[in-house]
Amino acid sequence: MTNQTPNFYALLIGIDFYFPHDLPDGRYKNLRGCVQDINHVETYLKETFNLTPDQIIKLTATASENPNQPKEPPELLPTYENIVAKFKELTAKAQPQDRVYIHYSGHGGRANTIFEDIKGFGALDEALVPTDIGQPNSHYLCDIEFAKLLEEMVKKELVVTLVLDSCHSGGATREISGDDRVRGGGFIDTTPRPTYSLVAPVQELAQNWQTLTANSRNITVVNGLLPEPKGYTLIAACRDDELAYENVFEGTESNGALTYFLLKALRQYGTEISVENLFNHISNKVHNKFVRQTPMLMGETDRTFFGGQSVGASRKVPVMKVDIKKNRVQLQIGEASGIKEGAEFDIFKFRTRDFEDSDNRIATAKVVELGASDCWAEVTALYGIRTINSQLTEGMVEIGSPAVYLSPGLKQIRKVRLLLPDPLPQSSVVNVPLLPTILLTKKEEVEGHRWIEFCSETETDENVDYFVSLNSEGEYWILDANKEPIKNIVSPIKIDEPEATKRLINRLIHVARYESILELDNKGANAPLKGKLKVELVKSVKGEQVVVNADGKVPVLEEGERVVLRIHNEYESNCTLNISALILQADLSIVKFYPKGASYEVVDRGKSRETRFEIELPENYQEGVDVIKVFATVDATNFQLLELPALDQSRKGFGNQEPTNALEQLLTAVVDEDNPQRNIKGVTDASEEWTTEKVEMMVKKDSSLI
């Protein structure tokens, strides 16, 4: 088979059918989604890795029309004997460094221990529940045995990933009764059970268990079933005192919540997603659906989910070298991890654990040179340290200091320098020589003043974002970093106009806010939606539809022309995107213009949406630059947070709406009026949820009307 993954094996166990059901203390009800879980996992593995039947071991028990008999023959049923045998078969077959994936969907249970010599009198066994547990001579797969089976795999240096879509009752036993969506028995089984083990001699089981639990604060820490995983990765459906649910998510079939969201995320984001990123995504999905279910991630988390490769922690990477002369640091992350030039990192003090504490932050650095697995990042800002031009000094950053990836790495606070002409213009209402002091004083009185900072005399022009030019006519103009007038500002402010200095400060704040939103982009190293959104501007030319922004062109359009905005979802996986569009207009206003009357428009994979609109220019403008900024998101998101009025109009308050997801948390931070760097670094999880593309166009008055 072409493109087969030869070093990959899977053990898949799904149990819907339990016979007979009645036990002295309760009963394990039949489930409805476990076998479907396993069938979906099997399909995914075959399609993704082209696994052969020899690479997939599958045990299932499916309910049939006969209430006393499952559909499968005895040799394919997940009995205790068959489960143990298949674990051993897989361990014997796989070779060191082979990848092994184990997925269990079924009941978890608790019973009086059969290993009193190991656990002590009155102790309990946490266990996986085989299909035939209702028979008195049957046997649970107990925690001590399960741990030994996994340890044998680890000893053979297999790369093991384990998913348990079950609950193990814990403190939730009294709440399970009557809820047939829950994968746990809800009782302690006191049925006398055989005391033998097919896994290993009791002495070996005892020695292994004592070794694994020697340093655990709790005897077992994973759903009460396993010691802390060492040498393998485990995602469990819920905590010990919670419930694992199954539900109808699509169509009419039931699925386990963990399995459903796991497969959906893998299809959406691909196999190379890190364990940590995948878990952060699916655990929130599950918990949002079922408040009493919080999945757990434990064990080896510094790799991709199926163990294909190790991944450096995408949010915290170490400083490898410090180059004081060039004012830069080398970071242990590079192009192979999706890092691009211009990506930004916050660097923290060595051994920092609390990355929300700004007192631990040393510097911000921007990537200027990329390698495959490392990069050089130039220091652009220092915090709590007085140096010239943000220049590193000896000992300021230690080798091994953690760097945290910023998403989206926005530059929000802008630096401003005042340029005074010689000779100074005369004014009867302003003391012109004192303007630098007047502006500094006035800035502190204006709401949102933290968005701009006036440069010190020692800072070079390279650090300046905006220049305020005062010309010989006594007019304020705002210039960009190249000392060119800011696009779309068509009128100056006279220094002797009423509240001229306040108007100037408000303009600077407005421009800083506008450009922050204009530059808003997802540069996340693990941004799976990047490049999956295609935006076209189409107009009719001689009866034919022409894409006027092809190859990055900036079209010149006349006021009054009608054009079509066409948005494509080009994501390969079966991913529905939520689409919203802002228009950043010539008067420096920002308005959400698509869709009308709704927060977003849904676009399925491979589909497009179109909207027709008329080109407009604000009053008193002969020409200007408009930008259409289209956002695609996984979750519904409110982009009205980003709207701005036209220049010189009062800015409305921002951040009054509570964010409902990671992306809205990011957007709220972006537009925070009082603290423009609020918690930007704390929302890196948003990078998996969105992307954006923009179309720029030059708009001019209809020449026939001029």
Side-chain angles (χ1 to χ4, degrees), residues 326-328 341-346 363-368 377-392 406 408-422 424-425 432-446 448-490 492-493 495 500-521 588 625 647 670 675-677 680:
K326 293 186 177 181
N327 201 39
R328 62 182 191 169
E341 284 193 24
E344 291 183 293
F345 290 82
D346 269 349
T364 296
K366 179 182 289 186
V367 174
V368 293
E378 183 178 359
V379 172
T380 57
L382 292 170
Y383 305 102
I385 305 167
R386 292 185 178 273
T387 65
I388 298 175
N389 299 331
S390 298
Q391 181 66 43
L392 287 172
L406 299 181
L410 290 174
K411 181 177 184 179
Q412 295 180 274
I413 297 176
R414 263 53 175 185
K415 293 191 174 183
V416 182
R417 169 157 288 151
L418 178 63
L419 300 178
L420 296 175
D422 186 15
L424 293 175
V432 178
L434 290 179
L435 270 178
T437 302
I438 293 171
L439 286 171
L440 280 171
T441 302
K442 180 58 66 176
K443 182 180 94 77
E444 300 301 317
E445 301 173 4
V446 178
H449 66 85
R450 293 184 179 89
W451 279 77
I452 60 170
E453 292 179 355
F454 283 97
C455 292
S456 65
E457 295 181 0
T458 58
E459 288 193 85
T460 63
D461 283 356
E462 285 77 9
N463 292 334
V464 178
D465 299 290
Y466 307 133
F467 293 91
V468 173
S469 169
L470 178 63
N471 62 24
S472 58
E473 305 297 321
E475 297 172 331
Y476 290 123
W477 284 97
I478 300 176
L479 313 178
D480 62 21
N482 296 317
K483 298 184 180 179
E484 297 291 334
I486 294 285
K487 292 178 181 178
N488 298 350
I489 297 182
V490 298
I493 299 173
I495 60 172
T501 53
K502 182 178 180 179
R503 287 186 61 206
L504 174 64
I505 298 299
N506 269 307
R507 278 193 175 186
L508 287 165
I509 296 167
H510 189 110
V511 171
R513 293 280 296 277
Y514 177 94
E515 292 193 349
S516 238
I517 296 167
L518 176 64
E519 295 167 6
L520 180 60
D521 196 3
L588 299 182
V625 176
L647 188 69
V670 168
N675 188 358
Q677 288 190 333
I680 285 291

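Quick note: numbers below take in every heavy atom, side chains included, and nothing from hydrogens, waters or symmetry partners.
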Validation row: [X], [Y] side chains within 4.5 angstrom (heavy atoms):
| X | Y | value |
| --- | --- | --- |
| K366 | E344 | yes |
| V368 | K326 | no |
| V416 | L439 | no |
| R417 | L419 | yes |
| I486 | Y514 | no |
| E515 | Y466 | yes |
| T437 | T441 | yes |
| I478 | L504 | yes |

Taking all atoms of both residues into account, what is the closest heavy-atom pair of [X] and [Y], and its distance?
| X | Y | result |
| --- | --- | --- |
| A481 | F467 | O-CE1, 3.7 Å |
| L470 | P421 | O-CD, 2.8 Å |
| I489 | W477 | O-CZ3, 3.6 Å |
| K415 | C455 | CB-SG, 3.6 Å |
| P425 | N471 | CG-O, 3.8 Å |
| W451 | S516 | CZ3-OG, 3.7 Å |

Is it the case that the side chain of [X] and the backbone of [Y] share a donor-acceptor pair, with hydrogens and angles ignored and the cut-off at 3.5 Å?
| X | Y | value |
| --- | --- | --- |
| N482 | E484 | no |
| T380 | T364 | yes |
| K443 | I452 | yes |
| N327 | L392 | yes |

To the closest 0.5 Å, what do you measure between [atom1] ([X]) and [atom2] ([Y])?
| X | Y | atom1 | atom2 | result |
| --- | --- | --- | --- | --- |
| R513 | L588 | CZ | CG | 13.0 Å |
| L479 | D465 | CG | CG | 13.0 Å |
| R450 | E444 | CZ | CD | 8.0 Å |
| S472 | D422 | OG | CG | 11.5 Å |

Using side chain to side chain contact (heavy atoms under 4.5 Å, CB included) as the criterion, point out the one residue from V468, L440, L418 that pairs with L435.
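Only one option passes, and that is L418.
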